[in-house]
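In what follows, a single structure is set out as structure tokens and then discussed.
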Amino acid sequence: MRIARFSIDGNVGFGVVEGDELDVIKGHPFAEFERSGQKVPLDKIRLLPPVLPNKVVAIGRNYAEHAAELGNTVPDAPVTFFKPSTSVVGPGDPIAYPSFSQEVHHEAELAVVIGRMCREVPRERVKDVILGYTCANDVTARDVQKREGQWARAKGFDSSCPLGPWVETGLDPADIAAGLAIQCTVNGEQRQLGRTSDMVRPIEDLIVHITEAMTLLPGDVILTGTPAGVGPLNVGDEVAVTIEGIGTLTNKVIKRG
């Protein structure tokens, strides 16, 4: 099932996407809900970020070839960092090039959407706390990341976390481990192409690691790392992240006003 968050005539809601239509649901996807039977063509609505997370917990260097391309080794433990809720934008929303950077990169990532409040999740229960998966772009001011040595500004600036176009609930960690294709294009040119089976640490290990330290809330998002091929974005570029079995997230880079 593909669950989208949308806006139409100033009203915001959730719906189930089927083909080129959306069936509006009663309630929200973090509890039992009913389909209303009210169907709206996708071209008549605006897709929003599929969730509004309390926090985005991201994992760095979880693909060995990506770590190597930036001159890094795979760490002994997952590298975790936060992207604030204000960094989140949706499909079709602009990525505003930050004024304090001269080198902004794309990073195509699989995002995990948490479906229920959870803490200290055992490995065998990980599947139970996941609502589904979506596409993400961990947009990064690479020069700032290198210069400042910590990643809060480099990866947390406004519009640095596009998510979408919807949450796919029909996948599970076994599908991810089997290997879904993940790619990034810029102006139609392929930049990144990898498979989720190339992750150093699988979804189960990441959620166990994160929830040892903190409580995850419904709608929280985990970014699982990016494959090799990251590269620069410029004002005017159109960047698209496509993940097999989910869909395509497209955003355009604009000058920050």
Side-chain angles (χ1 to χ4, degrees), residues 1-3 29-31 49-51 53-68 72-83 88 107-138 151 155 161 163-164 166-184 192-228 230 241-247 249:
M1 182 182 299
R2 290 177 169 175
I3 299 176
F30 304 106
V51 289
N54 173 272
K55 54 186 171 294
V56 177
V57 187
I59 304 296
R61 302 173 189 170
N62 199 33
Y63 287 76
E65 289 186 3
H66 168 61
N72 299 310
T73 59
V74 174
D76 293 334
V79 174
T80 56
F81 60 94
F82 293 104
K83 293 174 83 80
V88 173
E107 294 192 7
E109 307 208 10
L110 174 76
V112 183
V113 179
I114 298 300
R116 56 189 293 186
M117 185 170 68
C118 57
R119 181 171 61 91
E120 296 182 348
V121 180
R123 201 174 195 279
E124 64 273 12
R125 294 291 305 279
V126 163
K127 183 178 177 180
D128 298 338
V129 306
I130 296 174
L131 174 66
Y133 301 86
T134 192
C135 305
N137 194 343
D138 177 20
W151 301 355
K155 288 178 172 285
C161 190
L163 297 174
W166 40 64
V167 178
E168 173 57 66
T169 66
L171 302 172
D172 63 33
D175 299 311
I176 310 305
L180 304 178
I182 175 171
Q183 72 166 344
C184 176
Q192 293 179 268
L193 180 62
R195 303 196 75 84
T196 55
S197 52
D198 295 330
M199 288 183 192
V200 175
R201 295 176 179 88
I203 300 294
E204 294 92 338
D205 290 358
L206 298 180
I207 290 181
V208 168
H209 181 78
I210 292 166
T211 62
E212 283 178 342
M214 69 192 73
T215 300
L216 296 177
L217 302 177
D220 280 351
V221 169
I222 298 171
L223 304 188
T224 59
T226 191
V230 300
V241 175
T242 300
I243 301 178
E244 181 182 0
I246 299 176
L249 166 68

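We count residues from 1, following the sequence as given.
Between the side chain of D198 and the backbone N or O of Y63 there is no donor-acceptor pair closer than 3.5 Å. Remark: the backbone N or O of M199 is not paired with any side-chain donor or acceptor of N62 at under 3.5 angstrom. In this structure, D175 contributes its side chain and L180 its backbone to no donor-acceptor pair below 3.5 Å. Of the possible polar contacts, one joining the T226 side chain to the A108 backbone as a donor-acceptor pair under 3.5 Å is found. A donor-acceptor contact shorter than 3.5 Å links the side chain of D220 to the backbone of K55.
Taking 4.5 Å as the limit, some side-chain heavy atom of V88 sits within range of a side-chain heavy atom of P53. The shortest side-chain heavy-atom distance between R195 and E244 falls under the 4.5 Å cut-off. Here the side chains of I59 and I210 are in contact, with some heavy-atom distance below 4.5 Å. Inter-residue side-chain proximity for V230 and Q192 is flagged as met; some heavy-atom pair is nearer than 4.5 Å. Put simply, the side chain of D172 does not reach to within 4.5 Å of the side chain of I130, judged on heavy atoms. Considering only heavy atoms from C-beta on, V57 comes within 4.5 Å of L216 through its side chain. Using a 4.5 Å heavy-atom cutoff, the side chains of I182 and P227 are in contact. By the 4.5 Å heavy-atom criterion applied to side chains, W166 and T134 are not counted as neighbours.
Atom CZ of R119 is separated from atom OG1 of T211 by 9.5 Å, given to the nearest 0.5 angstrom. With rounding to the nearest 0.5 angstrom, the CG atom of L163 is 10.5 Å from the CD atom of E109. Of the inter-residue distances, the one linking Q183 atom CD with I243 atom CD1 reads 10.0 Å to the nearest 0.5 angstrom. Atoms SG and CG, on C161 and N137 in that order, are 8.5 Å from each other to the nearest 0.5 Å. For the atom pair CD (E107) and NE2 (H66), the distance works out to 4.5 Å, reported to the nearest 0.5 Å. The line from OG1 of T224 to CD1 of I207 is 10.0 Å long, rounded to the nearest 0.5 Å.
For the pair T196 and I176, the tightest heavy-atom approach, listed with the atom from each and the gap, is OG1-O, 2.7 Å. The two residues L223 and A136 come nearest to each other via the heavy atoms CD2-CB, 3.6 Å. Across all their heavy atoms, A177 and S197 have their closest contact at O-CB, 3.2 Å. Closest of all the heavy-atom pairs between P29 and L131 is O-CD1, 3.7 Å. L171 approaches Y133 most closely through the heavy-atom pair O-CE1, 3.6 Å. Residue V51 comes nearest to G219 through the heavy atom pair CG2-O, 3.6 Å, listed as atom of the first residue, atom of the second, then distance.
For R2, the salt bridge (Lys or Arg N to Asp or Glu O under 4.0 Å) partners are E168, not counting sequence neighbours. Residues passing the salt bridge (Lys or Arg N to Asp or Glu O under 4.0 Å) test with D138 are K83, K155, sequence neighbours excluded.
The local environment of CE in M214 is crowded, with over 12 non-hydrogen atoms from other residues, nucleotides or ligands closer than 6.0 Å. Summarising the local packing, CZ of R123 is surrounded by more than 12 heavy atoms from other residues, nucleotides or ligands at distances under 6.0 Å.
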